[in-house]
A.B. asks: 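Can you read through this structure? Questions will come right after.
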Amino acid sequence: MKGLVFLGDRRAEVRDFPEETPGQGEVLLRMRASGMCGSDLHKYRGPAAETSFPDNRIGHEPCGEVVALGPGVTRVRVGARVMQHHYLGCGRCRYCQMGYQQLCSDTKFKKGYYGGSLHGGHGDYMVCNERTCVALSDELSFDVGAMLACGSSTAYLALTKLQVSGRDTVAVFGQGPVGLAATMLGMAMGARIIAVDPSEKRLALARTAGAWKAVNPNDGDSVEQIKSLTRGEGADATIEAVGIPLTRKQAATSARIFGRCALVGERGQAVYEATPDIIHRHLTIYGSWTVSTFGMEEVARFVVDRGVPLQDLITERVQIKDGVEAYRRFDKQDTGKMVIVWG
Ligand SMILES: [Zn+2]
Ligand SMILES: [Zn+2]
């Protein structure tokens, strides 16, 4: 079977892998869709010498069909359509039982990350623990399931932490796949969205998704632009889905007094002036890291019940054999969602 690996320094490779069989508590998925997530770009761009697990298939938004069961599997059956929650924890500690295997607190358990320390979704097949499988409703396509496996659910959880409602104007920094999903889901929760991104292509996608206003930092300071759209006060809530110090600071300073801000873009630093930026403005800052298995189910229900057209954010569906070229395009950060698909 074919699979995609990252070698560092913006190099990727499609390789042949031997067939794999599920072990105790594991299932074999036939992959049907596997999302490309912005956080994969850190690894893609990183130096070759620092690439961890260069022989493992990447892809941490897997969605597919269960085709074989290992011994002891009780929760899923052959033929089930599933989204895969890409973290492996002990399954017994408090956080694992809450569905947050990424927060597993059992120090003796060897934690895993599908698409990193364990083979991920960018391959024809994938073996994973049955605990990581979340049922995909028949009303949702596999490619939307892949979006929900990380990026779109990450956006949803941040919006729920901010308790976004129809009273809010929300500024979303970054209109990559996570930011675009935040724009669309935030609107479905009733909010008015200000989309911020330096790419006109991405701002066009945000407008199509229904953003109220689009702000390009190349047209002037984003904070000033957001304030001028909000009677000088700032947004009620902001989301940072980029992951660089400048936009983290702007996400704080473009929120109004008593406003809320959520950080989801990963890595690097955040630098604030504590008193003028946060304390004297009574700002609440949330951190939010992906989602739980139960949270993923909730987002999927919300998307079905409210008819949120997440699939409209997909600008490219590609085959695994074209994965190398696909990441080259994704790296330019002006695409919408890109998904590797099968069949
Ligand atoms: Zn992700
Ligand atoms: Zn655990």
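This chain uses plain numbering: 1 for the first residue, then up along the sequence. We count ligands from 1, going down the list as the structure has it; atoms in each ligand are counted the same way.
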A.B. asks: Regarding Thr290 and Gln102, is there a side-chain donor-to-acceptor distance under 3.5 Å anywhere?
C.D. replies: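 Their side chains do contain a donor-acceptor pair, which is all the 3.5 Å distance test asks for.
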A.B. asks: Do any of the N/O/S atoms of Cys150, backbone or side chain, fall under 2.8 Å from the Zn ion (ligand 1)?
C.D. replies: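 An N, O or S atom of Cys150 is closer than 2.8 Å to the Zn ion (ligand 1), so yes.
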A.B. asks: Cation over ring, Arg248 on Tyr272, under 6.0 Å and within 45°?
C.D. replies: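 Output no; distance or angle outside limits.
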A.B. asks: Among the N/O/S atoms of His60, which is closest to the Zn ion (ligand 1)? Give the atom name.
C.D. replies: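 The closest N, O or S atom of His60 to the Zn ion (ligand 1) is NE2.
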A.B. asks: Does a side chain donor of either His122 or Ser34 reach within less than 3.5 Å of an acceptor in the other side chain?
C.D. replies: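 Present: a donor and an acceptor within the cut-off.
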A.B. asks: Which residues pass the salt bridge (charged side-chain N to carboxylate O under 4.0 Å, His left out) test with Arg131, sequence neighbours left out?
C.D. replies: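 With neighbours one apart ignored, the set is empty.
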A.B. asks: Give every residue pair that meets the salt bridge (Lys or Arg N to Asp or Glu O under 4.0 Å) criterion with at least one member in residues 100-118, sequence neighbours excluded.
C.D. replies: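 Qualifying pairs: Arg92-Asp106.
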A.B. asks: Suppose the criterion is salt bridge (Lys or Arg N to Asp or Glu O under 4.0 Å): which pairs have a residue in residues 25-42, not counting sequence neighbours?
C.D. replies: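 Passing the test, one end in residues 25-42: Arg30-Glu65, Arg32-Glu65.
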A.B. asks: Please confirm whether the ring centroid of Phe6 lies under 6.0 Å from the ring centroid of Tyr327.
C.D. replies: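 Close enough - the centres of the two rings lie under 6.0 Å apart.
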A.B. asks: With 2.8 Å as the limit, count the protein N, O or S atoms near the Zn ion (ligand 2).
C.D. replies: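 Considering protein N, O and S only, the Zn ion (ligand 2) has 4 within range.
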